[in-house]
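Side-chain atoms are counted along with the backbone in the values below, which use heavy atoms only and exclude waters and symmetry mates. Note that the structure is a prediction, hence the values are computed from the model and not measured. All ligand and atom numbering here is 1-based and tracks the order in the structure.
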Amino acid sequence: MTPTLLLGTAMWGWTTPRATCFDLLDRYYQAGFREVDGATNYPINKNPEDFRKAEHILLEWIQAHQVNDLKVMMKVGSINNLRTPDNNLSKSFLLMLLDEYRNALGANLDTLMIHWDNRSEEGSIRESLEALATAEKAGLQIGLSGIQHPEVYARLNEDFKLNFRIQIKHNLLHSDYARYEAFHGQAGFITYGINAGGIKLNPEQYREDSSLRARGGNTQAEHPIAAPLRAILQEANSKGKRPPVSSFNHCGMAFAFHSPDVKGILLGVSRLQQLEDSLRFYTAITTYDYQDLYQRLKNLYVQYAGKV
Ligand SMILES: NC(=O)c1ccc[n+]([C@@H]2O[C@H](COP(=O)([O-])OP(=O)(O)OC[C@H]3O[C@@H](n4cnc5c(N)ncnc54)[C@H](OP(=O)(O)O)[C@@H]3O)[C@@H](O)[C@H]2O)c1
């Protein structure tokens with residue numbers, strides 16, 4: 001199955017202003033895409049006043065356009081946006097959130113996903129799975145993200161037989177895929193962080209408000225992976241007869257697109273021009289063969305980070 005796209009909202013109301021979020025949604029929807037990713041704690045900017053701000057922007061857009069065919073994936077469990085691991089995955093709280101988002105989003109709610117779990121204790125995880133089973137029975141898709149002990153979930157799921165979607169960080173520097181080995185070949189994996197938080201091949205492309213800077217990354221120096229990537233791009237672009245690959249973003253997308261079990265790719269676009277660019281490259285990668293590029297990127301990843 002060709003991986004689909006999902007529009008990310010982690011920076012909405014933080015580095016991405018409301019008006020830009022509206023422009024992004026307008027264009028994304030008009031281009032025929034429907035999947036949007038959210039979380040109760042977006043944006044995670046440590047400002048308690050902004051707790052749930054990203055979802056409020058999304059809801060405003062939905063109400064303004066009277067749309068009921070979006071497919072929103074809501075990640076739940078976090079009880080603040082302070083970047084702490086505090087969350088509540090009790091059955092009653094998850095069922096309350098299921099109600100909350102079904103009321104708020106109506107037919108636009110597509111997936112309910114657990115967001116971050118460090119627990120290893122089977123009894124409490126079983127309770128969370130009971131809540132997800134209720135959501136699945138109600139016709140939603142269900143999922144996992146940021147799970148410390150996937151093997152415990154996989155073991156318990158022998159009883160539940162739930163069909164999970166799993167969000168993983170997956171880029172040229174780091175991938176969570178190996179950690180979810182217990183779900184390989186079974187779950188639909190959705191990649192986030194394909195730009196490793198906003199890395200550019202050329203440091204001159206960073207702006208004052210670059211998201212990598214907001215997240216505390218280094219925007220002064222060229223990233224060490226830039227030089228080997230440029231060599232790979234030069235070779236890939238010499239093949240002709242297909243649109244060129246020209247940025248870290250294109251590489252991240254090509255790497256995710258051909259990776260095993262990947263069913264969705266999260267776009268973390270911060271402006272309209274980036275959305276246009278990503279949609280153009282998505283058309284290219286679904287139309288032309290970029291397997292050779294993927295193989296080269298995979299080799300580079302193994303050199304940098306280890307097992308795919
Ligand atoms: N499950 C989880 O725990 C989890 C964690 C993180 C994120 N997510 C989801 O995944 C989404 C994406 O995550 P992320 O923001 O960390 O991802 P990312 O893709 O690694 O970084 C996004 C940044 O990459 C740059 N970028 C994006 N598209 C570009 C393009 N076409 N050309 C050039 N630069 C481009 C932008 O940087 P500049 O703004 O600097 O230009 C943007 O802010 C989030 O919005 C969220 O929905 C989920």
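- Within 4.0 Å of ligand 1, contacts by protein heavy atoms are made from G8, T9, A10, D37, Y42, K75, H115, W116, S145, Q167, Y192, G193, I194, N195, A196, G197, G198, K200, R207, S210, S211, R215, N249, L266, G268, V269, S270, Q274, D277, S278.
- With Y290 as the partner, the ring pair (Phe, Tyr, Trp, His ring centres under 6.0 Å) test is satisfied by one option alone out of F281, F255, F257, Y282: F281.
- As a member of the Ile/Leu/Val/Met/Phe/Trp/Tyr network built from side-chain separations under 4.5 Å, I44 groups with Y42, W116.
- Not less than 6.0 angstrom separates the ring centroid of H65 from the ring centroid of Y29.
- Taking each heavy atom of Q167 and Y180 in turn, the nearest pair found is O-OH, 4.5 Å.
- The side-chain hydrogen bond (donor to acceptor under 3.5 Å, both in side chains) test with T4 singles out one residue from E35, R34, K263, and that residue is E35.
- Summarising the local packing, CD of Q273 is surrounded by 12 or fewer heavy atoms from other residues, nucleotides or ligands at distances under 6.0 Å.
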